[in-house]
Amino acid sequence: MQDDLGPGAVHLPRFLSIERQRALVDECRALVDGPVPAYVPIVRGGGRMHVRMLCLGRHWNGQTYKYESTRADYDHQPAPPLPPSFVALARELAEAAGMTIDADLCILNYYDADGRMGLHQDKDESEPSLAAGLPVVSVSLGDTARFLFGGLRRRDPVAATLLESGDGFVFGGPARLRYHGVTRIIPNSAPRELALAGRFNLTFRQYDVNKL
Ligand code: SIN
Ligand code: MN
């Protein structure tokens, strides 16, 4: 599929080797079933999300749509720290896309065969971070996702792209607030070496601009 994504949006197909994917999948598994486990957020209005979510570095509260240090919408546990290797990975992908990031948080989502995410903007990071166009850096692992990438208004046309295991996707600058979502997961499409049913997606962001 040919990507014509416009300025500030870069798809990096198969960026990660299968060895790196496998190591990351192991880390993701340990995190989502660790002492501060992933959970299914219930968002404002009462809907359950169709992913299991774990935030690292800062917690995104699905009731307030704000970031906080402890999970006030769930179990009041502190968000686990963002591993330094994740910060380095985000930087590597951003650089490959011609951008910079010093990530201070990651939202790790697990999608099962019924996983999906409605069209939305990522706009809950700090005002200076959004104003600077600091990118969202996404890494996909496991089953392929049908990813929608739209415009700055919800009603703008959307393009569908497949995000496969090992792909990076970076959107910053003029693309930072573009609508996006996941319509569906293609079951059993993950590389066999990963022995993973479903999909992990990591999105790195930099909330705090003073770190630049
Ligand atoms: C997100 O928009 O937060 C997740 C995108 C994805 O799963 O690819
Ligand atoms: Mn998003």
Side-chain angles (χ1 to χ4, degrees), residues 1 3 5 8-16 21 24-25 28 31-32 38-41 43-44 47-62 65-67 79 82 86 89-90 93-94 97 101 103 105-125 129-130 133-154 156 158-172 175-187 189-190 196 198-207:
M1 200 179 303
D3 291 341
L5 296 162
V10 181
H11 184 187
L12 300 165
R14 299 282 156 148
F15 187 84
L16 295 176
Q21 292 176 47
L24 263 174
V25 165
C28 292
L31 283 163
V32 299
Y39 72 108
V40 179
V43 293
R44 252 179 349 216
R48 282 166 64 87
M49 291 186 75
H50 297 273
V51 293
R52 277 182 77 200
M53 179 178 288
L54 175 63
C55 301
L56 309 170
R58 280 176 199 258
H59 175 69
W60 178 79
N61 182 319
Y65 288 26
K66 293 189 188 322
Y67 287 101
L82 185 63
F86 281 24
L89 174 64
L93 280 143
I101 190 172
L105 74 103
C106 173
I107 301 182
L108 168 56
N109 288 318
Y110 171 74
Y111 296 74
D112 66 15
D114 298 319
R116 58 192 147 90
M117 191 174 291
L119 209 61
H120 67 278
Q121 290 173 297
D122 288 2
K123 60 178 183 188
D124 300 328
E125 294 69 38
S129 174
L130 297 174
L134 298 183
V136 174
V137 173
S138 150
V139 174
S140 296
L141 300 163
D143 285 340
T144 299
R146 186 168 179 274
F147 180 72
L148 296 186
F149 202 58
L152 295 173
R153 294 167 305 178
R154 184 178 286 280
D156 287 343
V158 294
T161 303
L162 294 178
L163 292 184
E164 299 184 356
S165 194
D167 286 11
F169 192 93
V170 182
F171 54 106
R176 179 60 172 78
L177 291 175
R178 285 176 63 180
Y179 277 85
H180 58 279
V182 172
T183 53
R184 69 185 204 92
I185 300 302
I186 301 173
S189 54
L196 175 63
R199 170 181 188 250
F200 286 116
N201 175 261
L202 304 101
T203 50
F204 300 96
R205 305 121 195 271
Q206 180 177 346
Y207 186 94

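Whatever order the structure lists them in is the order used to number ligands and atoms, beginning at 1.
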Legend entry - Among L130, I107, L134, the one residue meeting side chain to side chain contact (heavy atoms under 4.5 Å, CB included) with R205: I107
Any N or O of [X] closer than 3.5 Å to N or O of ligand 1:
| X | value |
| --- | --- |
| S138 | no |
| Y111 | yes |
| S140 | no |

Legend entry - Centroid-centroid under 6.0 Å between F169 and H180 rings: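 No; H180 has its ring centre 6.0 Å or more from that of F169.
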Inset, instruction - Please check if the distance between the ring centroids of F171 and F149 is under 6.0 Å. - result: yes
Legend entry - The one among Q121, R116, R146, M117 that brings a heavy atom closest to atom 1 (C) of ligand 1: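 Nearest heavy atom to atom 1 (C) of ligand 1 lies in M117.
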Legend entry - Ligand-residue contact atoms, ligand 1 with R199, heavy atoms, under 4.0 Å: 6 (C), 7 (O), 8 (O)
Legend entry - Close-contact set for ligand 1 against H120 heavy atoms, below 4.0 Å: 1 (C), 2 (O), 3 (O)
Inset, instruction - Just need the protein heavy atom nearest to atom 5 (C) of ligand 1, so name the residue and atom and give the distance. - result: N201 OD1, 3.8 Å
Legend entry - Atom nearest to the Mn ion (ligand 2) - D122, N, O or S atoms considered: OD1
Inset, instruction - For F169 and ligand 1, answer yes if some heavy atom of the residue is under 4.0 Å from a ligand atom, otherwise no. - result: no
Inset, instruction - Answer with yes or no whether V182 contacts ligand 1, where contact means a heavy atom under 4.0 Å from a ligand atom. - result: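 In this structure, V182 qualifies as a contact of ligand 1 - some heavy atom is under 4.0 Å.
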Inset, instruction - Please determine if D124 and K66 form a salt bridge, counting it only when a charged side-chain N lies under 4.0 Å from a carboxylate O. - result: no
Legend entry - Basic-acidic side-chain contact under 4.0 Å: R199, E164: no
Inset, instruction - Describe, in one word, how the ring planes of F204 and F86 are oriented to each other, choosing from parallel (under 30°), tilted (30 to 60°) and perpendicular (over 60°). - result: perpendicular
Inset, instruction - For D122 and H120, test the side chains for any donor-to-acceptor distance below 3.5 angstrom and give the result as yes or no. - result: yes
